[in-house]
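Just below is one structure, and these are the notes that go with it.
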Protein chains: 2
Amino acid sequence: MTNGESARAGDACPSVAVFVVILTVESGELRVLLISRSAEPFRGLWSLPGGVLARDQSLDEAATNKLQRETGVSDVYLEQLYTFHDLDGRGSVAVAYFALVDSRQAQLAHRRTWRPAWFPVADLPPLAFDNNRVIDYALLRLRAKLDYSNVAYSVLPHYFTLSQLQRVYEAILSRPLDKRNFRKRMLSLGIMEPTGKTTADGAHRPAQLYAFRERRPVIF
Amino acid sequence: MTNGESARAGDACPSVAVFVVILTVESGELRVLLISRSAEPFRGLWSLPGGVLARDQSLDEAATNKLQRETGVSDVYLEQLYTFHDLDGRGSVAVAYFALVDSRQAQLAHRRTWRPAWFPVADLPPLAFDNNRVIDYALLRLRAKLDYSNVAYSVLPHYFTLSQLQRVYEAILSRPLDKRNFRKRMLSLGIMEPTGKTTADGAHRPAQLYAFRERRPVIF
DNA sequence: GCAAAAGTGTTCTCTGTACACCCATGT
DNA sequence: ACATGGGTGTACAGAGAACACTTTTGC
């Protein structure tokens with residue numbers, strides 16, 4: 001390693017890959033998008049969507065594109081996670097991102113050579129490379145961020161009820177939350193506002209619909 | 001970008017650089033190690049120590065080596081920070097680390113073509129690349145971690161007084177802390193223990209010497 | 001009228017913060 | 001005796017956690 005120099009195109013440079021841990025909440029479960037590998041190595045196992053970084057791409061672009069191509073969504077919470085080394089035993093550098101998406105808006109890509117699918121994070125199939133580490137790391141970060149950011153905006157429709165929001169939190173944290181305390185806290189953050197509209201979707205009292213003030217990543 | 005593939009050695013891969021934000025506390029100030037650039041680009045400006053990642057190196061190895069070569073120290077708090085893209089306008093990928101060191105233990109390297117020096121983070125010279133961003137990011141992380149980790153162990157000698165510890169915290173946070181509250185909190189964390197030894201270094205009451213239970217990165 | 005989900009307050013505990021004085025030593 | 005830094009306790013405020021009943025609707 002030479003000193004004080006920025007990177008140059010070298011003859012012996014390691015390649016750079018970008019992976020995205022795409023998470024959603026569905027049926028009260030936190031799920032992750034995985035892709036069945038049709039090629040060696042690890043043929044037949046599942047892996048995170050990702051691939052080699054093109055020369056003219058930025059890291060964020062690569063992650064955004066990957067997310068868009070696999071799920072069709074954009075404008076969601078997407079954040080760089082960590083850069084791993086040698087996930088594959090061949091000395092590559094792998095930059096991992098994580099994203100939260102609304103599974104109802106996602107249209108999973110279906111290509112000839114591989115198929116993507118949602119898996120509950122609590123019950124993963126055998127994974128290629130060292131993808132378990134990457135997913136564990138993403139869960140840690142997501143759970144830590146949940147409490148002091150508005151990550152949840154990208155897993156919910158524009159209008160949502162406080163009960164829906166609570167179910168999302170409960171799925172991500174995988175523990176039940178107290179309804180009154182949850183509402184008190186969420187409303188006191190000032191990150192959402194009542195829309196005046198209500199639901200009318202069942203044999204029960206209609207619920208107030210709320211909307212996030214900001215639909216972009218914000219930390220409190 | 002191809003799908004589900006790990007990284008491969010490509011012909012058009014972007015190069016990978018590793019930078020280290022090496023911080024210390026000296027004279028009550030938080031300082032960062034910078035290197036005077038003797039080569040283009042940005043000749044004459046200062047930059048963070050770093051360089052291109054060799055093919056057979058892991059990221060952590062590269063950061064550890066860089067730290068060791070510039071300061072002579074090892075076994076300090078060293079953590080991956082963030083991976084930047086295109087800091088230099090030439091499309092490289094730059095993985096940044098940050099470290100905290102005890103400046104009394106550090107022996108700065110002095111080579112022919114460049115010289116390293118400590119600069120107060122509050123008063124930096126013009127920097128090469130986009131190093132201000134990297135340093136700002138490191139400060140954010142360090143200040144956030146200070147409260148719920150034992151980062152400080154690596155900026156202090158094995159035996160230290162609570163007043164020394166407090167001065168380190170005050171330098172990093174750049175605000176004064178209340179002595180009684182600080183002691184109460186530090187001791188209640190259970191991360192350090194009294195050694196029974198005391199200082200005898202001035203015209204005042206001797207101070208109890210403490211030692212960290214763990215001298216390795218721990219989060220609480 | 002009953003099932004189902006929405007909505008709503010109070011009490012307690014714990015944590016963080018503000019704040020001022022005596023103690024042990026060297027000179 | 002005085003200057004210097006070391007060491008100690010209490011009171012208040014705010015945040016998080018525990019906890020149960022009434023309301024509105026569809027059927």
Side-chain angles (χ1 to χ4, degrees), chain A residues 25 27-28 143-150 152 156-157 159-212 219-220, chain B residues 25 27-28 143-150 152 156-157 159-212 219-220:
Chain A
V25 174
S27 311
R143 286 172 177 147
K145 283 256 160 139
L146 199 56
D147 232 45
Y148 58 96
S149 82
N150 63 348
L156 285 168
Y159 293 166
F160 56 90
T161 69
L162 285 174
S163 296
Q164 287 179 304
L165 183 65
Q166 185 174 341
R167 282 192 290 270
V168 167
Y169 272 63
E170 289 177 331
I172 294 177
L173 299 172
S174 66
R175 64 186 166 88
L177 300 173
D178 179 83
K179 182 159 56 160
R180 280 169 294 190
N181 293 337
F182 180 76
R183 286 166 183 242
K184 215 181 314 168
R185 174 149 165 68
M186 285 300 122
L187 294 175
S188 76
L189 289 176
I191 61 175
M192 55 191 64
E193 51 197 3
T195 61
K197 299 179 198 295
T198 54
T199 54
D201 65 340
H204 55 80
R205 179 171 173 175
Q208 188 69 229
L209 285 167
Y210 289 80
F212 283 104
I219 305 283
F220 310 113
Chain B
V25 173
S27 309
R143 286 173 178 146
K145 283 256 161 139
L146 200 56
D147 232 46
Y148 58 96
S149 82
N150 64 347
L156 285 167
Y159 293 166
F160 56 89
T161 69
L162 285 174
S163 295
Q164 286 178 305
L165 184 65
Q166 185 174 344
R167 283 192 291 271
V168 167
Y169 272 63
E170 289 177 332
I172 293 176
L173 299 173
S174 67
R175 62 185 166 90
L177 300 172
D178 179 83
K179 182 160 55 161
R180 280 169 294 188
N181 294 337
F182 180 76
R183 285 166 184 242
K184 216 184 312 171
R185 173 148 165 69
M186 285 300 122
L187 293 175
S188 75
L189 289 176
I191 61 174
M192 56 190 64
E193 52 196 2
T195 61
K197 298 178 198 296
T198 54
T199 54
D201 66 341
H204 54 81
R205 178 171 173 178
Q208 187 70 229
L209 284 167
Y210 289 80
F212 284 104
I219 305 282
F220 309 112

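Chain letters run A, B, ... following the sequence lines, proteins first and then strands; every chain starts at 1. The basis for the numbers below is simple: all heavy atoms, side chains too, and nothing from hydrogens, waters or symmetry mates.
- Put simply, S163(A) has a side-chain N or O that comes within less than 4.0 Å of OP1 or OP2 on dA6(C).
- Here dG6(D) presents its C1' atom at 12 Å from CG of L209(B), a figure rounded to the nearest Å.
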Query raised in the report: Y169(B) and M186(B): side-chain contact (heavy atoms from CB on, under 4.5 Å), yes or no, with the steps?
Result: CA-CA 11 Å; Y169(B) 272 63; M186(B) 285 300 122; 3.7 Å; yes

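- Atom OH in Y148(B) sits about 18 Å away from atom C1' in dG16(C), given to the nearest Å.
- Contact detail for Q166(B) and L177(B): the closest heavy-atom pair is NE2-O, 2.9 Å.
- Side-chain contact check for M192(A) versus N150(A): every heavy-atom pair is 4.5 Å or farther apart.
- Relative to the side chain of N181(B), the nucleotides dG9(D), dT8(D), dA6(C) differ in distance, and dG9(D) lies closest.
- Ion pairing between D178(A) and K184(A) fails under the 4.0 Å rule for side-chain N and carboxylate O.
- A distance of 7.5 Å separates CD in E170(A) from CZ in F182(A), rounded to the nearest 0.5 Å.
- One atom, CZ of F182(B), and another, P of dA18(C), lie 16 Å apart when rounded to the nearest Å.
- Between R180(B) and dA18(C) there is no side-chain N or O to OP1 or OP2 distance below 4.0 Å.
- Between D147(A) and R185(A), the closest heavy-atom pair is O-NH2, 2.7 Å.
- In this structure, L177(A) atom CG and dA17(D) atom C1' are separated by 12 Å, rounded to whole Å.
- Residue side chain K184(A) does not reach the base of dG16(D) through any donor-acceptor N/O pair under 3.5 Å, judged by distance alone.
- Comparing P206(A) and P206(B), the nucleotide of DNA chain C nearest to each residue sits closer to the 5' end for P206(A).
- The separation between Y210(B) atom OH and dG6(D) atom P is 12 Å, rounded to whole Å.
- For T161(B), the listed nucleotide lying nearest its side chain is dG6(D); candidates were dC19(C), dG16(C), dG6(D).
- L187(B) places its CG atom 10 Å from the P atom of dG7(D), with the value rounded to the nearest Å.
- Neither side chain, R183(A) nor S188(A), offers a donor N or O lying under 3.5 Å from an acceptor on the other.
- One can place CZ of R185(A) at 13 Å from C1' of dG14(D), the figure rounded to the nearest angstrom.
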Can you pull every protein N or O that's under 3.5 Å from an N or O on nucleotides 1-4 of chain D?
from, atom 1, to, atom 2, distance (Å)
dT4(D), O2, A203(B), O, 2.7

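- Rounded to an integer number of Å, the gap from R183(A) CZ to dG16(D) P is 18 Å.
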